[in-house]
Number of protein chains: 2
Amino acid sequence: MDEISLFEERSKEFYKDYLPHVSIDCVVFGFHSNTLKVLLIRMKGQEHWGLPGGYVGKDEHIDDAAIRILKSRTGAEKVFLEQFKAFGNTGRSEKDLSYLPESIWFRQRFISVGYYALVDYEQIIPVVDDISTACEWKSVHELPAMMMDHRQIYEAALENMRFQLNYKPIGYNLLPEEFTMPDLQKLYETILGKPLSRSNFQRKMLAYDIFIKHDKERKGGAHRSPILYSFDQVKYQAALKTGLKEAW
Amino acid sequence: MDEISLFEERSKEFYKDYLPHVSIDCVVFGFHSNTLKVLLIRMKGQEHWGLPGGYVGKDEHIDDAAIRILKSRTGAEKVFLEQFKAFGNTGRSEKDLSYLPESIWFRQRFISVGYYALVDYEQIIPVVDDISTACEWKSVHELPAMMMDHRQIYEAALENMRFQLNYKPIGYNLLPEEFTMPDLQKLYETILGKPLSRSNFQRKMLAYDIFIKHDKERKGGAHRSPILYSFDQVKYQAALKTGLKEAW
DNA sequence: GCCCATTGTCTCATTATGATACAATGATAA
DNA sequence: TTATCATTGTATCATAATGAGACAATGGGC
């Protein structure tokens, strides 16, 4: 079955179950081998990659829709999810979807609500659903061309995450349970988009007093082993409430 | 004509012109006599106040719709407008609008896109349109009860503005052309929700070197007259690009 | 002309930051 | 076993930023 027939088939359900004109796109971030990753899919019939997305049930809260969509893509139940902006250009999908017949659900004009999700890379299994041909992690340093305005949505998500770095448990949700200061620094450098001083970074982070220091190191490599830390949830959450720097 | 007949009448146009299920709500901030204000309306048939809002033309960019809505309410053409979040609870309007017949446009489920606007209080003339009975400035310190989830939208707008205080021209857009350091401090204190040290605030702001100091003061009051300043647009915009504090 | 509230500016102790140095560690290879 | 080297943990020092407080300057009211 070619994708157009498939889409026609699926359109019937979509029109029945979902709210028209409203969609959801998720920017799913993971962190693996010192690199920030984004989960991308390839929709059937599309050359370019896109963000995993979906639609909102006629009687479903948009946040619940995002949770559902994310679970269907990653299997993950409890993920950090933050809605950050809506995207409603006219002609958002024109370039990539105008080859489809107008009756197909996807040809509508959609106002897309953008969410970003933070997941533990190791805990997730990307799922390819029936309207896509691929679902893979891509490094943010080597992002492929993306369909529609998804690149812009990704950029907005990253910027939003940057703003929230001192107020939301971003480190906790992207890193594994145990991690090292160099790990955390790489994550911060990627999100902030600039290099940070190694010694000063460590001094500052440790001064927050939000970590539990473990009595073990991570071996591997011909050099001194870094100490493993975890977040001290109580202190961490308390510190996030007022923000990790507090300039004013 | 009672409001139900009116709404039935207007519903026809709405269904014809606007995208269903998508609405826009604007949190319009102004600053007057050292107080932050929000523009609120009272919809016909409603006890509680609400945010000025509207709908998106079937072929209109959501940002353009927000600009149009704002202009119709304030007459202002060029206002600072920032979209910050979408609101899509099910039953958002149930409490306040379920008394209306189901056929009426307003009874739909709407996903509302939230914008906040910063305007010069002096330049604006609040407009009461045909579906509302009032349109007035209210002090954020004495906000009346609000309909639907509008209180929550307002809170989110304020929080967003707080986060953006160092990155967007918030002072410039809320204050008149000429202002004093005590004015600016009051504005910051209201947005941040806490008192700031007078002398240290002034030292810090002036150190940014983003102001033009005028050779005059504002007289009035049995005390020393504060110096008038304006923003130096070139330096101001440049400073905002990297942020006014830069902790990392 | 005195009083008082408010503003502009300064000082000083404390803290945070940037830059740099250096010892500690663990794998590798001689 | 020991030397080597990359990386990490930690210390140091100069500089900058911040918090707290003092005090003089100003303008209107009495």
Side-chain angles (χ1 to χ4, degrees), chain A residues 33-35 165-166 171 175-176 178-190 192-230 232 235 239 242-248, chain B residues 33-35 165-166 171 175-176 178-190 192-232 239 242-248:
Chain A
S33 58
N34 271 348
T35 315
L165 194 50
N166 289 299
L175 293 170
E178 298 187 339
F179 55 90
T180 69
M181 281 299 135
D183 292 344
L184 187 62
Q185 185 178 343
K186 262 276 166 289
L187 177 59
Y188 268 65
E189 288 180 332
T190 308
L192 294 171
K194 63 181 171 193
L196 302 171
S197 149
R198 189 180 60 80
S199 61
N200 295 337
F201 176 82
Q202 189 149 177
R203 177 179 60 189
K204 185 167 182 173
M205 289 306 304
L206 292 177
Y208 287 141
D209 187 31
I210 53 172
F211 302 103
I212 295 166
K213 186 177 187 170
H214 294 254
D215 280 334
K216 52 186 176 182
E217 297 93 39
R218 178 197 292 153
K219 311 281 180 179
H223 50 72
R224 184 168 181 174
S225 301
I227 300 169
L228 284 166
Y229 292 91
S230 295
D232 181 326
K235 292 179 178 173
T242 56
L244 285 183
K245 57 186 168 190
E246 268 302 283
W248 287 102
Chain B
S33 58
N34 270 349
T35 315
L165 194 51
N166 289 299
L175 293 171
E178 299 186 339
F179 55 91
T180 68
M181 281 299 136
D183 292 345
L184 187 62
Q185 184 178 344
K186 261 278 166 287
L187 177 58
Y188 268 64
E189 288 180 330
T190 308
L192 294 172
K194 63 181 172 191
L196 301 171
S197 147
R198 190 179 59 81
S199 60
N200 295 337
F201 176 83
Q202 188 148 178
R203 177 179 59 189
K204 185 166 182 173
M205 290 306 305
L206 292 177
Y208 288 141
D209 187 31
I210 53 173
F211 302 104
I212 295 166
K213 185 176 187 171
H214 294 254
D215 280 333
K216 51 186 175 181
E217 297 95 37
R218 177 198 293 156
K219 310 282 182 180
H223 51 72
R224 183 169 181 173
S225 301
I227 300 169
L228 285 166
Y229 293 91
S230 297
F231 283 97
D232 181 326
T242 56
L244 285 183
K245 57 185 169 191
E246 268 304 282
W248 288 102

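Small disclaimer: the values here were computed from a predicted structure and weren't measured. Here is how names work: the chains are called A, B, and so on, in the same order as the sequence lines, proteins then strands, and each is numbered from 1.
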(request) Report the distance from atom CG of B/L184 to atom P of C/dT7, rounded to the nearest whole Å. (result) 13 Å
(message) So if I take every side-chain heavy atom of B/Q202 and compare against D/dG27, C/dG8, D/dT7, which nucleotide ends up nearest?
(response) C/dG8
(request) Round to a whole Å and report the spacing from NZ of A/K186 to C1' of D/dT7. (result) 12 Å
(request) Please state how far atom OH in A/Y208 lies from atom P in C/dT15, giving the value in whole angstrom units. (result) 16 Å
(message) What I want to check is whether an N or O donor and acceptor connect the side chain of B/S199 with the base of D/dG21 at under 3.5 Å.
(response) yes
(request) Classify the ring geometry between A/F179 and A/F211 as parallel (under 30°), tilted (30 to 60°) or perpendicular (over 60°). (result) perpendicular
(request) Find the distance between CG (A/L196) and CG (A/L184) and round it off to the nearest 0.5 Å. (result) 10.0 Å
(request) Whole angstrom is fine here: how far is it from CZ in A/R224 over to P in D/dT8? (result) 11 Å
(request) Output the distance between atom OG1 (B/T190) and atom CG (B/N34), rounded to the nearest 0.5 Å. (result) 8.0 Å
(request) Please report the shortest heavy-atom distance between B/G171 and B/L187, naming the atom on each side. (result) CA-CD2, 4.0 Å
(message) Rounding to an integer number of Å, can you tell me how far A/M205 CE sits from D/dT10 C1'?
(response) 17 Å
(request) Could you tell me which non-hydrogen atom of B/F201 sits nearest to which non-hydrogen atom of B/M181, and how far apart they are? (result) CE2-O, 3.9 Å
(message) In whole Å, I'd like the distance from the CZ atom of A/F211 to the P atom of D/dG9.
(response) 12 Å
(message) Measuring from atom OG of B/S33 to atom NZ of B/K186, what distance do you get when rounded to the nearest 0.5 angstrom?
(response) 11.5 Å
(request) Could you work out which one of D/dT10, D/dT7, C/dT9 sits closest to the side chain of B/R198? (result) C/dT9
(request) Measure the distance from CZ on B/F201 to C1' on C/dT9 and round it to the nearest whole Å. (result) 16 Å
(message) Nearest 0.5 angstrom please: B/I212 CD1 to B/D232 CG, how far?
(response) 4.5 Å
(request) Provide, to the nearest angstrom, the distance between the CG atom belonging to A/L196 and the C1' atom belonging to C/dA19. (result) 14 Å
(request) Quick one: closest heavy-atom pair of A/S230 and A/E178, and the distance? (result) OG-CG, 3.7 Å
If you restrict it to nitrogen or oxygen atoms, what contacts under 3.5 Å exist between nucleotides 12-17 of chain D and the protein, and what is each distance?
{"unit_1": "D/dT12", "atom_1": "O4", "unit_2": "A/R203", "atom_2": "NH1", "d": "3.4"}

(request) Name the closest nucleotide to the B/S225 side chain, picking from C/dT9, D/dG27, C/dG26. (result) D/dG27
(message) Using a 3.5 Å distance criterion without hydrogens, assess whether the side chain of B/Y208 forms a donor-acceptor pair with backbone atoms of B/A239.
(response) no
(message) Heavy-atom nearest nucleotide on DNA chain C for B/L228 versus B/H223: which residue maps closer to 5'?
(response) B/H223
(message) Regarding C/dT17, can its base be found pairing with the side chain of A/S197 as donor and acceptor, where the two atoms are less than 3.5 Å apart?
(response) no
Scan nucleotides 28-30 of chain C against the protein and return all N/O pairs shorter than 3.5 Å with their distances rounded to 0.1 Å.
none

